[in-house]
Amino acid sequence: MSEIKIVVAGPRGRMGREALQLVKNTEHFTLVGAIDHKYGGKKVSEIEGLPNLDAPIYTDIEACFSELQPDVLIDLTTPEVGRVHTEIALQYGVRPVVGTTGFSKEDLETLSKLAEEKGIGAIIAPNFAIGAILMMKFSQMAAKYFQDIEIIELHHDKKLDAPSGTAAKTAELISTVRESKKQGHPEEKEIMQGARGATYDGIHIHSVRLPGLIAHQEVLFGGNGQMLSIRHDSFNRESFMSGVKLAVETIMKIDLLVYGLENIIE
Ligand SMILES: NC(=O)C1=CN([C@@H]2O[C@H](COP(=O)(O)OP(=O)(O)OC[C@H]3O[C@@H](n4cnc5c(N)ncnc54)[C@H](OP(=O)(O)O)[C@@H]3O)[C@@H](O)[C@H]2O)C=CC1
Ligand SMILES: O=C(O)C1=N[C@H](C(=O)O)C[C@H](O)C1
């Protein structure tokens, strides 16, 4: 395989560190730079706890792209930052692989149009773990038979966005095969605000945040005298890396924005 030149945004983060290891351990991947709002001017190897990689760190993403001309940006930052990074990457002809969650429907539409306009591939994947993709696909299958559905997503307490990108994507996939409906008693009242969680197309989503957790989701389907539960657990962040690798390799061959890893696995 030919060499793929990569820039990682968010290299000191929980996912960013794991992505640096992936790049380091993959023969045809080369880390040419990193984007970090606090450590511009340093090298990755100079930051405590990061792998011994010589790549320079930039705070200015445009300078980074003009000077290094990377093939791919891997973005693992925050919703606001990730959205701007993705837009700039597309403007500079750098293919974005985005794990950052919390993008709105409008953000996705705007970025998709921009990718199409520029003829550049982009992958935005709320979850890179193969088991999570299967959990979402199995949930979509089950929703044809069970229309009353509640999603419980559980994450570590450092997570910024709620609901998780995975929960939002699961609800979105389910709503393509299930007619919108209001669940629960028609006259139910929340005695405490938020008790029934968020709703997407009538599907209830509950977000749990606790120390000790990594990334977990259970989708509950209620039927007459039965319940089906589909669950996925990520016990470490390495679980996401085979998906990141696949996305980086695939993005070199596509020229449009893909939202969700399920679209490139099949
Ligand atoms: N798609 C997937 O499979 C997965 C996606 N995620 C998503 O990935 C994102 C990152 O998660 P996680 O690693 O846990 O979060 P972290 O908070 O650990 O990492 C985010 C990093 O981004 C840095 N950052 C903030 N602003 C900028 C900026 N302007 N430029 C460069 N870096 C910046 C932060 O630095 P500082 O701390 O100094 O602010 C931090 O180091 C989240 O959106 C999360 O939901 C997470 C796991 C899996
Ligand atoms: O912040 C996290 O940790 C995770 N974020 C993603 C999400 O919002 O779905 C993916 C995974 O659940 C871990």
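All ligand and atom numbering here is 1-based and tracks the order in the structure. Note that the structure is a prediction, hence the values are computed from the model and not measured. Below, all heavy atoms of this structure are taken into account, side chains as well, without hydrogens, waters or symmetry copies.
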| Side-chain contact, heavy-atom cut-off 4.5 Å: Phe240 with Ser234? | yes
| Just wondering, do Leu31 and Lys24 contact through their side chains at under 4.5 Å, heavy atoms? | no
| remark: Ile152 meets the side-chain contact (heavy atoms from CB on, under 4.5 Å) criterion, sequence neighbours left out, with Leu154, His206, Val208, Leu220
When you measure from the heavy atoms of [X] to every atom of ligand 1, does any distance fall below 4.0 Å?
X: Arg17; result: no
X: Ala125; result: yes
X: Pro126; result: yes

| said: As a test of reading the model: which residues have a non-hydrogen atom less than 4.0 Å away from ligand 2? | reply: Thr101, Pro126, Asn127, His155, His156, Lys159, Asp161, Ser164, Gly165, Thr166, Ala215, Phe240
| For atom 35 (O) of ligand 1, the option (of Arg14, Lys169, His37, Lys158) bearing the nearest heavy atom | His37
Could you find the nearest protein heavy atom to [atom] and give me its residue, atom name and distance?
atom: atom 29 (N) of ligand 1; answer: Val81 CG1, 3.4 Å
atom: atom 40 (C) of ligand 1; answer: Gly13 CA, 4.1 Å
atom: atom 31 (C) of ligand 1; answer: Ile35 O, 3.3 Å
atom: atom 44 (C) of ligand 1; answer: Thr101 OG1, 3.7 Å
atom: atom 3 (O) of ligand 1; answer: Phe128 N, 2.8 Å
atom: atom 22 (O) of ligand 1; answer: Thr77 CA, 3.6 Å
atom: atom 4 (C) of ligand 1; answer: Met15 CE, 3.8 Å
atom: atom 6 (N) of ligand 1; answer: Gly99 O, 3.7 Å

With the threshold set at 4.0 Å, does a side-chain nitrogen-carboxylate oxygen contact exist between [X] and [Y]?
X: Asp107; Y: Lys105; value: no
X: Arg231; Y: Asp233; value: yes
X: Lys5; Y: Asp71; value: no
X: Glu153; Y: Arg209; value: yes

Which pairs of donor and acceptor atoms, one on a side chain in residues 114-121, lie under 3.5 Å apart (sequence neighbours left out)?
unit_1	atom_1	unit_2	atom_2	d
Lys118	NZ	Gln91	OE1	3.4

| query | Are Met135 and Leu228 linked, directly or through other ILVMFWY residues, by side chains that come within less than 4.5 angstrom of each other? | reply | yes
| task | Verify the distance criterion only: is there a donor paired with an acceptor across the side chains of Glu87 and His85 at less than 3.5 Å? | result | no
| message | Going by the rule salt bridge (Lys or Arg N to Asp or Glu O under 4.0 Å), which residues pair with Glu150 if we only count those two or more places apart in sequence or in a different chain? | response | Arg196
| request: Provide the number and element of each atom of ligand 1 under 4.0 Å from a heavy atom of Leu76. | output: 10 (C), 20 (C), 21 (C), 22 (O)
